[in-house]
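Note sheet for the following structure.
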Amino acid sequence: WAASAGLHCEALSPRGFPDRESYDRALAERVEQFRPGLVALAGYMRILSPAFVDRFEGRMLNIHPSLLPRHRGLHTHRRVLEAGDHVHGASVHFVTRELDGGPLVIQARLPVRDGEDEKALASRVLAQEHRIYPLAIGWFATGRLEYLDGKGWLDGRPLDRPVVVEEDVELPA
Ligand code: NHR
């Protein structure tokens, strides 16, 4: 898909690296070759070591399928159903050493429907991820979103709380 979109694509398998630190070092070196303004994690399922995170501090975003700080980590949809939550969603945040704990940028909220299963919920959340992640990346790319003093800033104002959008409501500019 990347090649057909004219994008460079490369895969680095963690197999053959003795530990997380050595893999992350190799990955960071590959990523640095591109002098990226932004690193956007998308379905990246390995915990990043402090050394990796520190190299890209303030220029790395993640999208996580829950309303953080609720349900950090894996299997969020199942945990939402088990907890009986009535609202769920997705969050874009800056990546810090703290897993799923970095400053929040934007969240999409959606109501959990009666009798909805994990698969149906996951697909509705994914649709919201596809709305808010490009929006946040666009803000960063145009300089509207910044990371300063360990905080996110949008249009020169600190993001004391994330921008919140609802499932069936048009996105902000
Ligand atoms: N790394 C750091 N330092 N900070 C974050 O905020 C990170 C991160 C790496 C990935 C994505 C995150 C998610 O949004 C992410 C955020 C994987 C795990 C995990 O437990 C947790 C959170 C996320 C991704 N990974 C296990 C591991 O040992 C392996 C999971 C598996 O078996 O597939 O790496 O969900």
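Remember, it's 1-based here, ligands and their atoms both numbered in the order they're listed.
- Closest approach of P36 to V31, counting heavy atoms only: CD-O, 3.3 Å.
- Regarding atom 17 (C) of ligand 1, its nearest protein heavy-atom neighbour is M45 O, 3.2 Å.
- Within the 4.0 Å heavy-atom criterion, the part of E98 lying near ligand 1 is the backbone and not the side chain.
- In the vicinity of H93, heavy-atom distances shorter than 4.0 Å reach the ligand 1 atoms 6 (O).
- Residue contacts with ligand 1, taken as heavy atom pairs separated by less than 4.0 Å, involve V53 solely via side-chain atoms from C-beta onward.
- Checked against H88 for a side chain to side chain donor-acceptor pair (under 3.5 Å), the options H77, H71, Q128 give a single hit: H77.
- Ranking protein heavy atoms by distance to atom 2 (C) of ligand 1, first place goes to T96 O, 3.5 Å.
- Atom 18 (C) of ligand 1 has its closest protein heavy atom at L74 CD2, 3.6 Å.
- Using cut-offs of 30° and 60° for the angle between ring planes, the H8 and F34 rings count as tilted.
- Nearest to atom 24 (C) of ligand 1 among the protein's heavy atoms is Y44 O, 3.5 Å.
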Side-chain donor/acceptor pairs under 3.5 Å, residues 156-164, sequence neighbours excluded:
none

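- Nearest protein neighbour of atom 34 (O) of ligand 1, counting heavy atoms only, is I47 N, 2.7 Å.
- Using a 4.0 Å heavy-atom cutoff, R20 is listed among the residues neighbouring ligand 1.
- Taking CZ of R55 as the start and CZ of R25 as the end, the distance is 9.5 Å to the nearest 0.5 Å.
- When only non-hydrogen protein atoms are considered, atom 7 (C) of ligand 1 lies nearest to L99 CD1, 3.5 Å.
- Between R109 and E167 there is no salt bridge, since no side-chain nitrogen of the basic residue lies less than 4.0 Å from a carboxylate oxygen of the acidic one.
- Salt bridge status for R97 with D54: present, with a side-chain N to carboxylate O gap under 4.0 Å.
- Shown here for L81 and D117, the closest heavy-atom pair between the two residues is CD1-C, 3.8 Å.
- Taking any N or O of P65, backbone or side chain, none lies under 3.5 Å from an N or O belonging to ligand 1.
- At a 3.5 angstrom cut-off on N or O pairs, H64 counts as close to ligand 1.
- A salt bridge links E98 to R72: one of the charged nitrogens lies within less than 4.0 Å of a carboxylate oxygen.
- The shortest contact between atom 11 (C) of ligand 1 and any protein heavy atom is with N62 ND2, 3.3 Å.
- Taking atom 12 (C) of ligand 1 as the reference point, the nearest protein heavy-atom neighbour is D100 OD1, 3.3 Å.
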